[in-house]
J.: 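Here it is, the structure, as structure tokens.
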Amino acid sequence: MAKKLFFIVIVFLPDLIFAQGVNVEGYFMADSAKLGERIGYVLKATYPRDKQLIFPDSSFNYEPFVLLEKKTYVSSTIDSVTTDSTVYFVSNFALDSTVYLTLPVFELSRYDSVTHYPLEAALAVNWQLDSIPEQLAFQENNVYQPIPKNWNWILMGLILVLLLIALVGGYLLFGKRIKKYLSERNEKRRWKVFEKRWHSAVETLINDQTIDAADELLGLWKGYMETITKLPVREWTSSEVGEKLADIRIFSSLRSIEMIIYAGTKSEVKESSDYLLAKAKENYQEKLKNIKHDRAVV
């Protein structure tokens, strides 16, 4: 009875070991292939259902072959034994007469992984060329074929980052100077516009001393002075303007123009307009001087 029990254990022990292990097999779908020809390599693994296996992906090194395509199939489980298979379509460009390939299967465990390699599969390189016809037939085609352009996103991202750093650094170093320069340029442009409109308004008032022409001239001067001095000049009366700006002649010049509006009388506006323009230019030059001084200090 003891001998029979011992015999039963010996017979079923190999099946028990196989059921707990991983069996990996790899082979080419053909014995030979031409240089660069597409050929299939089958990688097949049989393992217990409770194990987890991973097949190589596109990041694996397939040298001397080049991976063209990977095709996977649905797993099959029979009696707690799972079978997985994957076909790797590759091309060979090595000049050896026989090339070899073996792809691993990775078994994942809790803290580590185990690599299972099948036996190397051999592929013979077929150097025989197809027969060349005596007369070659060429197909005419004058249509330009588009060439795809691949963007180097890493390089573009690096250039954008460097450009952003340069802009931020330039702003921190020269931002105040740039603001002062733009402020100076704006003041010069504003003065040119005001001076041109002022001469036109004075000429209109001299030729036709109407209430509208006089009001236009006063509003133009007060508006510019308010911009250049940051004072509410348009809200002040003529006497207040002369008092706030500490110049009694400004009051008399404004008053001579206001006589046309309020009294309806003719007035000599040439001298008054020249003085008001000179006063506006004096404030403009003073502000320009302050801006240039601030630029030199920065």
J.: Quick one: closest heavy-atom pair of Ala94 and Val99, and the distance?
T.: CB-CG1, 4.0 Å

J.: What distance separates Leu123 CG from Asn92 CG, expressed to the nearest 0.5 Å?
T.: 6.5 Å

J.: Is it possible for you to say whether Val42 and Tyr88 belong to one hydrophobic cluster, with membership spreading through side-chain heavy-atom contacts below 4.5 Å?
T.: no

J.: State the OG1-NZ distance between Thr83 and Lys44, to the nearest 0.5 angstrom.
T.: 6.0 Å

J.: Check whether any side-chain heavy atom of Arg190 sits under 4.5 Å from a side-chain heavy atom of Thr227, and report yes or no.
T.: yes

J.: Same hydrophobic cluster for Phe89 and Tyr73, using side-chain heavy-atom links shorter than 4.5 Å among ILVMFWY?
T.: yes

J.: Could you pull out the closest heavy-atom pair between Ser253 and Ser272, with the gap in Å?
T.: O-CB, 3.6 Å

J.: Evaluate side-chain contact (heavy atoms from CB on, under 4.5 Å) for Trp221 paired with Val241, printing each intermediate quantity in order.
T.: CA-CA 12 Å; Trp221 187 85; Val241 173; 4.1 Å; yes

J.: With a 4.5 Å heavy-atom cut-off, do Ile291 and Tyr181 have their side chains touching?
T.: no

J.: Between Glu195 and Lys192, does any NZ, NE, NH1 or NH2 come within less than 4.0 Å of an OD or OE carboxylate oxygen?
T.: no

J.: Count the heavy atoms of every other residue, nucleotide or ligand shown that sit under 6.0 Å from NZ of Lys281, and state whether that count exceeds 12.
T.: no

J.: Measuring from Ile39:CD1 to Leu101:CG, what's the distance to the nearest 0.5 Å?
T.: 11.0 Å

J.: Do Ile257 and Leu276 touch side chain to side chain, with heavy atoms closer than 4.5 Å?
T.: yes

J.: Work out which heavy atom in Tyr47 is nearest to a heavy atom in Val22; give both atom names and the distance.
T.: CB-CG2, 3.9 Å

J.: If only atom types and distance count, is the side chain of Ser183 paired as donor or acceptor with the main-chain N or O of Lys179 below 3.5 Å?
T.: no

J.: Is the backbone of Thr98 close enough, under 3.5 Å, to the side chain of Asp96 for a donor and an acceptor to pair up by distance?
T.: no

J.: Decide yes or no for Asn126 and Glu37: does some side-chain heavy atom of the first lie under 4.5 Å from some side-chain heavy atom of the second?
T.: no

J.: If the condition is salt bridge (charged side-chain N to carboxylate O under 4.0 Å, His left out), which residues does Arg234 pass it with, not counting sequence neighbours?
T.: Glu226

J.: Taking NZ, NE, NH1 and NH2 as the nitrogens, is one of them in Glu184 or Lys180 under 4.0 Å from a carboxylate oxygen of the other?
T.: no

J.: Going through the distances and angles, do Val24 and Leu103 end up as a side-chain contact (heavy atoms from CB on, under 4.5 Å)?
T.: CA-CA 10 Å; Val24 182; Leu103 298 182; over 6 Å; no

J.: Which label fits Trp191 and Tyr284: parallel for a plane angle under 30°, tilted from 30 to 60°, or perpendicular past 60°?
T.: parallel

J.: Which class fits the ring pair Phe194 and Tyr224: parallel under 30°, tilted 30 to 60°, perpendicular over 60°?
T.: parallel

J.: In the hydrophobic clustering (ILVMFWY, side-chain contacts below 4.5 Å, transitive), which residues join Leu167, or is it alone?
T.: Leu163

J.: What I'd like to find out is whether the side chain of Tyr27 reaches to under 4.5 Å of the side chain of Pro118, using heavy atoms alone.
T.: no

J.: Taking a hydrophobic cluster as the set of Ile, Leu, Val, Met, Phe, Trp and Tyr residues connected by side-chain heavy atoms closer than 4.5 Å, whether directly or through intermediates, do Leu218 and Leu277 fall within one such cluster?
T.: yes

J.: Check ring pair (Phe, Tyr, Trp, His ring centres under 6.0 Å) between Phe60 and all other residues, then give those that pass, not counting sequence neighbours.
T.: Tyr62

J.: Are Ile228 and Leu245 connected in the hydrophobic side-chain network, where two residues link if heavy atoms are under 4.5 Å apart?
T.: yes

J.: Within the supplied structure, the quantity of interest is the number of heavy atoms (other residues, nucleotides, ligands) at a distance under 6.0 Å from Glu271 CD; does it exceed 12?
T.: no

J.: Keeping Asp79 on the side-chain end and Val81 on the backbone end, is there a donor-acceptor pair under 3.5 Å?
T.: no

J.: Decide yes or no for Pro56 and Leu43: does some side-chain heavy atom of the first lie under 4.5 Å from some side-chain heavy atom of the second?
T.: yes

J.: With the threshold set at 4.0 Å, does a side-chain nitrogen-carboxylate oxygen contact exist between Arg38 and Glu69?
T.: yes

J.: State whether Lys289 and Glu286 are salt-bridged, where the test is any N-O pair (Lys NZ or Arg NE/NH1/NH2 against Asp/Glu carboxylate O) under 4.0 Å.
T.: no

J.: Give, for atom CD of Glu203 and atom CD1 of Ile206, the distance between the pair rounded to the nearest 0.5 Å.
T.: 7.5 Å

J.: From Leu205 CG over to Asp212 CG, what is the distance, rounded to the nearest 0.5 angstrom?
T.: 11.0 Å

J.: On a heavy-atom basis, which atom in Thr102 and which in Tyr41 lie closest, and how many Å separate them?
T.: CA-OH, 3.7 Å

J.: Working note: Arg255 + Glu258, criterion salt bridge (charged side-chain N to carboxylate O under 4.0 Å, His left out); need CA distance, chi angles, decisive distance, verdict.
T.: CA-CA 5 Å; Arg255 193 65 177 170; Glu258 287 179 343; 3.4 Å; yes

J.: Please determine whether side chain to side chain donor-acceptor pair (under 3.5 Å) holds for the pair Thr77 and Thr82, giving the CA-CA distance in whole Å, both sets of side-chain angles, and the decisive distance to 0.1 Å.
T.: CA-CA 4 Å; Thr77 302; Thr82 300; 3.0 Å; yes

J.: From Ser113 OG over to Gln52 CD, what is the distance, rounded to the nearest 0.5 angstrom?
T.: 11.0 Å

J.: Would you name the heavy atoms of Phe55 and Ala45 that are closest together and state the gap between them?
T.: CZ-CB, 3.8 Å

J.: Any link between Met259 and Ile248 through a network of hydrophobic side chains (Ile, Leu, Val, Met, Phe, Trp, Tyr) touching at under 4.5 Å?
T.: no

J.: For Ile154, look at atom CD1 and say whether over 12 heavy atoms of other residues, nucleotides or ligands are found less than 6.0 Å away.
T.: no

J.: Compare all side-chain heavy atoms of Lys287 with those of Lys230 and state whether any distance is below 4.5 angstrom.
T.: yes

J.: Please give me the minimum heavy-atom distance between Leu220 and Ala201, naming the atom from each residue.
T.: CD2-CB, 4.4 Å

J.: May I ask you to check whether over 12 heavy atoms, not counting those of Leu119, lie within 6.0 Å of atom CG?
T.: no

J.: Could you tell me whether Asp31 atom CG has more than 12 heavy atoms of other residues or ligands within 6.0 Å of it?
T.: no

J.: Might you work through the side-chain contact (heavy atoms from CB on, under 4.5 Å) test for Tyr275 and Asp247, ending with a clear yes or no?
T.: CA-CA 11 Å; Tyr275 185 76; Asp247 191 340; 2.4 Å; yes

J.: Quick one: are Leu254 and Thr237 in side-chain contact, heavy atoms under 4.5 Å?
T.: no

J.: For a side-chain contact (heavy atoms from CB on, under 4.5 Å) check, start with the C-alpha distance between His199 and Val202, then their side-chain angles and the critical distance, and finish with the verdict.
T.: CA-CA 5 Å; His199 289 306; Val202 169; 5.8 Å; no

